[in-house]
Amino acid sequence: MKAFIESGKACMGIEFGSTRIKAILIDDKFQVIAQGAHDWENKLTDGIWSYSMDDIESGVRDAYAKCAADVEAKYGVKLTKLAALGISGMMHGYLPFDEEGKLLVPFRTWRNVITGQAAAELSELFKFNVPQRWSIAHYCQAILNKEPHVPSVRWLTTLAGFVHYSLCGENVMGVGEASGMFPIDPATGDYNARMLAAFDAKVGGSLKDKLPRVLKAGEKAGVLTERGAKWLDPTGVLQPGAVMAPPEGDAGTGMVATNAVAPRTGNVSAGTSIFAMIVLEQAMKGYYPEIDVVTTPCGDEVAMVHCNNCTNEINAWAELFKGVFTKKEGGPNIYGTLFTESLKGDKDCGGVVVVPFLSGEPVTGVEDAMLRVVRKPDSKFTLANFMRAQIYSAFVSLKLGMDILSRENVKIDSLMGHGGIFKDKGIAQQYLADALGTSVTCMSTATEGGPWGMAVLAAYALDNKGMNLGDYLNKCVFAGAQSETLAPTPDGIAGFDRYAANFKEAIHA
């Protein structure tokens, strides 16, 4: 491995999650050989959820530095060169720049629910659902609000797009990430020309000139420049020259990490937010405010159910319980303890309901934060039921959106789960299967998630071996991969349905 790393053959994926920036290095067998992470948090300032540019830069440098330190500790060699590098991040949001490359307003993340008027007007204009978190909704809302920075906007991008630009100077975007900026036409693999024309007629100017150029997975998106290498690694050890993959969103990297890029496949990515991505066999008949239509990293249409809130309340309560429950050996293992305890709970959580909305949740019609623990006089308020309700609450909003796809007769042959919530084997995975009424598979890479998926996309950009992405994943990446599938149970489905009914009552009380 030392010679492999020294020769500069390793590929890296870096992903900006909501609470962690993670860098993963893989070998030519797609195995993780080193990693590093930096924890961070968004801040609510003047009613806007944001991360500062300083936090973005210092965070990615720290994650990279820790990965490089992991390499040196394990293999006794410095990380001086990469074969390929890819950046991914939380999708959507608003990063507008002027002609000189100055950020005009603080980064507005996907979490902000402040673009309702623009999203509604654009959805009606396009006859296509435009969610509040999409870049075009933020830009349009700024226009509607007559914000003073609007006349100076020269180009727009996302978090992944900004970091990619900082590394290689190319204002480009992977098609999956681009589909969270503006609707994509699957026939062309580019921004929808009809909708661009409608937007230009509405507000004037040429929107496409402000948007990144769209690329598909496997295309080269530039090379790491000398300036970019020093931006990422100020120590000067990292050399330029790595092939850059098109920057992608965490939805796209999740599809790759779960081998869910073919029609009738899907995945559920669970973290601070949660979303399901179902690759469509054919276009949906209607459009719904609860369903986004985006694309895979290779441009196929995907029905996406995105929910703003997932594990934040689980994390908060785990922190509260830390120190009370401890693992007998090796220190605290609070999540494993609490998740295992939840198995003792009733299938419907005994009437206990947790509402985990740290921010608004459009899928449920809740516009503002709502944090509640709700029970009735006859509820069975035990720790087991409380923790089961915590985990159910991470999935219940997703279920409400997925019910729409069922009514649209969208076919799903397989559904993959990934994210840290699935780390404790078979617990959250079974609850999700019961929630959605379909089998859920978790692979051995399930907890690696997006950063690993981005590293795979980096390797694919370096050498796609003449294969489309689906074949590449099946034949090169996941051949022989270990996985476990859990089917829903009748009593589990019935219990979750009762919980969902109680949940809807609780949020509208």
Side-chain angles (χ1 to χ4, degrees), residues 12-25 34-45 48-71 79-80 82 85-111 135 149 154-173 177 212 221-242 244-250 253 272 450-451 454-455 458:
M12 179 177 283
I14 300 176
E15 183 158 286
F16 289 76
S18 300
T19 59
R20 176 173 291 186
I21 304 169
K22 192 169 184 180
I24 281 186
L25 197 69
Q35 56 188 300
H38 171 86
D39 293 335
W40 70 340
E41 289 287 348
N42 52 190
K43 297 178 178 66
L44 185 62
T45 305
I48 302 292
W49 290 103
S50 184
Y51 302 84
S52 73
M53 298 300 278
D54 287 343
D55 286 346
I56 293 169
E57 294 180 14
S58 63
V60 70
R61 289 167 182 166
D62 185 48
Y64 175 83
K66 287 175 178 173
C67 187
D70 193 31
V71 168
L79 185 60
T80 61
L82 299 169
L85 172 63
I87 304 297
S88 63
M90 58 191 95
M91 291 178 70
H92 325 300
Y94 186 58
L95 281 162
F97 293 86
D98 66 11
E99 189 70 41
E100 283 71 44
K102 177 186 175 183
L103 183 65
L104 295 169
V105 294
F107 172 35
R108 298 174 183 177
T109 78
W110 58 270
R111 172 165 268 166
S135 304
H149 76 274
R154 178 61 187 87
W155 55 286
L156 303 167
T157 191
T158 64
L159 177 57
F162 163 72
V163 176
H164 181 91
Y165 180 84
S166 299
L167 295 173
C168 70
E170 296 286 343
N171 185 23
V172 298
M173 191 73 67
E177 174 79 331
V223 296
L224 180 64
T225 63
E226 183 175 351
R227 180 179 179 180
K230 289 181 178 178
W231 185 85
L232 182 61
D233 178 20
T235 68
V237 173
L238 179 63
Q239 300 174 16
M244 297 293 300
E248 266 298 347
D250 48 8
T253 59
T272 303
M454 192 66 243

Test log, rule side chain to side chain contact (heavy atoms under 4.5 Å, CB included), inputs E41 and T19
CA-CA 5 Å; E41 289 287 348; T19 59; 3.9 Å; yes
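- Note: T158 OG1 to E248 CD = 9.5 Å, rounded to the nearest 0.5 Å.
- Of all the heavy atoms in T109 and S50, the pair that sits closest is CG2-CA, 3.8 Å.
- Distance check, rounded to the nearest 0.5 Å: CG of L95 to CG of L103 gives 5.5 Å.
- No donor-acceptor pair closer than 3.5 Å links the side chain of K22 to the backbone N or O of E15.
- Annotation: side chain of M244 is not in contact with side chain of V172 (no heavy-atom distance under 4.5 Å).
- Taking CD1 of I56 as the reference point, atom CZ of R61 lies at 11.5 Å (rounded to 0.5 Å).
- A salt bridge links E99 to R154: one of the charged nitrogens lies within less than 4.0 Å of a carboxylate oxygen.
- The ring pair (Phe, Tyr, Trp, His ring centres under 6.0 Å) test applied to W40 returns F16, Y51, not counting sequence neighbours.
- The two residues M454 and I87 make their nearest non-hydrogen contact at SD-O, 3.5 Å.
- Nearest heavy-atom pair across G249 and M91 is CA-CG, 3.4 Å.
- Listed here is the closest heavy atom pair of M90 and G17: CE-O, 3.1 Å.
- In this structure A34 satisfies the side chain to side chain contact (heavy atoms under 4.5 Å, CB included) test together with L25, C67, D70, V71, sequence neighbours excluded.
- With F162 as the partner, the ring pair (Phe, Tyr, Trp, His ring centres under 6.0 Å) test is satisfied by one option alone out of F107, W155, F97: F97.
- D39 meets the side-chain hydrogen bond (donor to acceptor under 3.5 Å, both in side chains) test with R20; sequence neighbours excluded.
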Return all side-chain donor-acceptor pairs below 3.5 angstrom for residues 221-229, not counting sequence neighbours, or 'none' if the list is empty.
{"from": "T225", "atom 1": "OG1", "to": "L167", "atom 2": "O", "distance (Å)": "3.2"}
{"from": "T225", "atom 1": "OG1", "to": "G228", "atom 2": "N", "distance (Å)": "2.8"}

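- Taken from CG in L85 to CG in L238, the straight-line distance is 8.0 Å, to the nearest 0.5 Å.
- Residues forming a ring pair (Phe, Tyr, Trp, His ring centres under 6.0 Å) with Y64 (at least two apart in sequence, or on another chain): none.
- The two residues T272 and R111 make their nearest non-hydrogen contact at CG2-NH2, 3.3 Å.
- A donor-acceptor pair under 3.5 Å is absent between the side-chain atoms of D62 and the main chain of H38, judged by distance alone.
- Here the straight-line distance linking atom CG of L79 with atom CG of D233 works out to 8.5 Å at 0.5 Å rounding.
- Counting all heavy atoms, side chain and backbone alike, S135 lies closest to G93 at OG-O, 2.7 Å.
- Here L104 contributes atom CG and K102 contributes atom NZ; the two are 7.5 Å apart, rounded to the nearest 0.5 Å.
- The shortest distance between side-chain heavy atoms of V105 and P96 falls below 4.5 Å.
- The side-chain hydrogen bond (donor to acceptor under 3.5 Å, both in side chains) analysis of residues 159-171, with sequence neighbours excluded, yields no pairs.
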